[in-house]
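It should be emphasised that the depicted structure is a prediction, and the values quoted were computed from it without experimental measurement. Position 1 is the first residue of the sequence, and the numbers go up from there. Start at 1 and go down the list; that is how both ligands and their atoms are numbered.
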Amino acid sequence: MDGVTDWAAYAAGLQVDGRALIGGQRVSAIAGDTFDCISPIDGRKVAEVCRGQAADIDRAVQGARVAFDDGRWAHRAPRDRKKVMLRFADLVRAHADELAALETLDMGKPVAMSRAVDVQSAADCLRWYGEAIDKLYDEVAPTARTALALITREPVGVVGAIVPWNYPILMSSWKIAPALAAGNSVVLKPSEKAALTALRLADLALQAGLPDHVFNVVPGFGHEAGQALALHDGVDCLAFTGSTRTGKQIVQYAGQGRLKRVFTELGGKSPFLVLDDADVEAAARTCASAIFFNQGESCNAPSRAIVARGVIDAFTERVQALAAGFQPGDPWQRATPMGAVVDRTQLDTVLGYIAAGLQDGARLVTGGQQVRADTGGFYVSPTVFTDVQPGMRIAREEIFGPVLSILPADSIEAAVALANDSNYGLAASVWSRDLDRALTVARTLRAGTVHVNSYDEDDITVPFGGFKDSGNGRDKSLHAFDKYTELKTTWIRLSAGLAP
Ligand code: NAD
């Protein structure tokens, strides 16, 4: 439980520092430039944030390189790194109110969710990777007796991490927790739309005892700081989460200059299959809460419901009724189910897709408008379309807002074909009372995560990432260490036997 009685007043009293954190210090951009951080809650300016450019990225990467090479963090015993990571996690937990308020101020989600979900999950993530790092063993290969081959994992070096705005503290944590625990130095470029919690994370990491230059945060725009980081020759590994469009650019940057290992966690248009024997009530409840959670700004949101013709009316009616319970409200109020979308551009994008759906002939069942415009903020009502055809833009493209498209399917085969007819492959869900049928469908779905009679189950122990245009990387779980470690083989020649 939080100890805040009036969240709006609490947030108004926060001192927001938008400067970069490089080399263990808060610093302004070398050129002195800043950009305005505007709260989507009411359109007001919250702070000025450092507009990092290539020179600032260079400074951060150079420092991170030196820190990595001198071993001040990388050479520490895993159990020592663990102690720092656990203190870091504890500090995140201790600052949960402040971090939750910053997250909500910056990107508009209800503060109750920032506090209960995002910040707690970030602390859990830091703790989990800290705990894990001194429990991983290396290998000895089963070679002939005349040699010993050790297979060891080493940190890759300097990790450049670039993250989006929809779960700012959590996406940052998914990158930095395994990267730091494994001994790397990190330069993190948060989204220009939500950089505040990433900056506070870096303060707390220092306070926890992370040495200077090991974790740096340089805010700025994608085409400036982001591109400079992705192109920098001092970076060994690029870990990117964001849109597929940017992800494709990042992969190209990684191939220029010195080759970097590159991992992408990208967008989605995840299908939610409701077969004719499904528990329609449970399916409708789960679908509504998953598509409207976080204002629909979730990469894995189930934005395409593919529903058996026999149950589509019942499903649509229930989702329509449930949508009424997700009307956006004041993000500072604890009971608010949905907040503001991140900025005016995103608002216009979502409204543009709604207009495209109407123009293409889909039927608007509920929502479809901007609401709470009098606040000066950016809010969209929960929106449901039915009679959606597979070729429509609202059936194919990631909207990243509270918009559900419902498509009919006349058979299981047709439902599966529709589900897989997408460039994306992040998540999927299948609903059926017949587990054999559900699992058979689950096996044919091309997605990194498939939920059966559920959605959005979440645990740090399972990998998260996609197939196809949803990217190639996996965050979370022990598999995340694969991204941030190199495998090294060391051969040791041995005698064939004991000397006579
Ligand atoms: P985006 O691609 O616009 O930006 C992501 C990050 O990349 C930001 O920090 C941005 O500044 C930076 N960037 C932009 N252009 C760049 C460039 N040319 N070079 C280097 N960096 C650049 O995405 P967004 O709008 O911030 O985030 C929403 C997207 O993220 C959605 O597509 C969503 O599905 C995806 N996402 C995916 C996951 C996942 O785990 N798969 C998780 C969260 C969000």
List the closest protein heavy-atom neighbour of atom 8 (C) of ligand 1: residue, atom name, distance to the nearest 0.1 Å.
-> V163 O, 3.4 Å
Would you indicate which of G226, A427, A194 comes nearest to atom 20 (C) of ligand 1 when only heavy atoms are counted?
-> G226
How does Q249 reach ligand 1, if at all, at less than 4.0 Å between non-hydrogen atoms: by side chain, backbone, both, or neither?
-> side chain
Please state whether Y167 comes within less than 4.0 angstrom of ligand 1, counting heavy atoms only.
-> no
Would you tell me whether K468 and N423 have side-chain atoms, one donor and one acceptor, within less than 3.5 Å of each other?
-> no
Note: ligand 1 atoms sitting under 4.0 Å from heavy atoms of E192 are 10 (C), 11 (O)
Could you tell me whether ligand 1 has any atom less than 4.0 Å away from a heavy atom of P190?
-> yes
Where ligand 1 meets K189 - atom numbers and elements under 4.0 angstrom, heavy-atom basis = 8 (C), 9 (O), 10 (C), 11 (O)
Considering only non-hydrogen protein atoms, determine which one is nearest to atom 25 (O) of ligand 1 and report residue, atom name and distance to 0.1 Å.
-> W165 NE1, 2.9 Å
Between N166, T246, T349, flag the one that comes closest to atom 4 (O) of ligand 1 by a heavy atom.
-> T246
Donor-acceptor side-chain pairing of N472 and T264 below 3.5 angstrom | yes
Within reach of ligand 1, part of A230 (heavy-atom separation under 4.0 Å) | neither
Atoms of ligand 1 less than 4.0 Å from F464 heavy atoms?
-> 39 (C), 40 (O)
Cationic N near anionic O, under 4.0 Å, R127 to D124 | no
Kindly assign one of parallel, tilted or perpendicular to the pair F400 and W165, based on the angle between their ring planes and the thresholds 30° and 60°.
-> perpendicular
Is R51 salt-bridged to D56, going by a charged N under 4.0 Å from an acidic O?
-> no
Working for salt bridge (Lys or Arg N to Asp or Glu O under 4.0 Å), residues D475 and K175 = CA-CA 7 Å; D475 280 324; K175 304 288 188 221; 3.2 Å; yes
Atom 23 (O) of ligand 1 - nearest protein heavy atom and its distance | S243 N, 3.3 Å
Which residue and non-hydrogen atom of the protein lie closest to atom 13 (N) of ligand 1, and at what distance in Å?
-> G222 CA, 3.3 Å
Answer yes or no: is there an ion pair linking K193 with D106, defined by an N-O contact shorter than 4.0 Å?
-> no
Can you tell me if I250 has a non-hydrogen atom under 4.0 Å from ligand 1?
-> yes
Ligand 1 to T241, heavy atom cutoff 4.0 Å, flagged ligand atoms 5 (C), 36 (N), 37 (C), 38 (C), 39 (C), 40 (O), 42 (C), 43 (C), 44 (C)
Worked check of salt bridge (Lys or Arg N to Asp or Glu O under 4.0 Å) between K476 and D458 | CA-CA 10 Å; K476 300 168 62 191; D458 190 30; 2.5 Å; yes
Checking heavy-atom distances from atom 39 (C) of ligand 1 to each of C299, G471, G268, G247, the winner is C299
Nearest non-hydrogen protein atom to atom 27 (O) of ligand 1, with distance, is P164 CB, 3.2 Å
Does N184 use its side chain to pair, donor to acceptor, with the backbone of V186 at less than 3.5 Å?
-> no
Using side chain to side chain contact (heavy atoms under 4.5 Å, CB included) as the criterion, point out the one residue from Y484, F68, W73 that pairs with P155.
-> F68
Look at atom 28 (C) of ligand 1 and say which protein heavy atom is nearest, naming residue and atom and giving the distance to 0.1 Å.
-> F400 CE2, 3.6 Å
Indicate yes or no: does D58 engage R65 in a salt bridge with an N to O separation below 4.0 Å.
-> no
Under 6.0 Å from the CD atom of E457, do we count more than 12 heavy atoms belonging to anything else shown?
-> yes
Below 4.0 angstrom from a heavy atom of M171, which ligand 1 atoms are there? Numbered from 1 as shown, please.
-> 42 (C), 43 (C)
Give the residue, atom name and distance (to 0.1 Å) of the protein heavy atom nearest atom 18 (N) of ligand 1.
-> Y253 OH, 3.2 Å
If you have a sec, work out which protein heavy atom is nearest atom 34 (O) of ligand 1 and how many Å separate them, to one decimal?
-> E398 OE2, 2.6 Å
Short N-O contact, E297 and K109, less than 4.0 angstrom | no
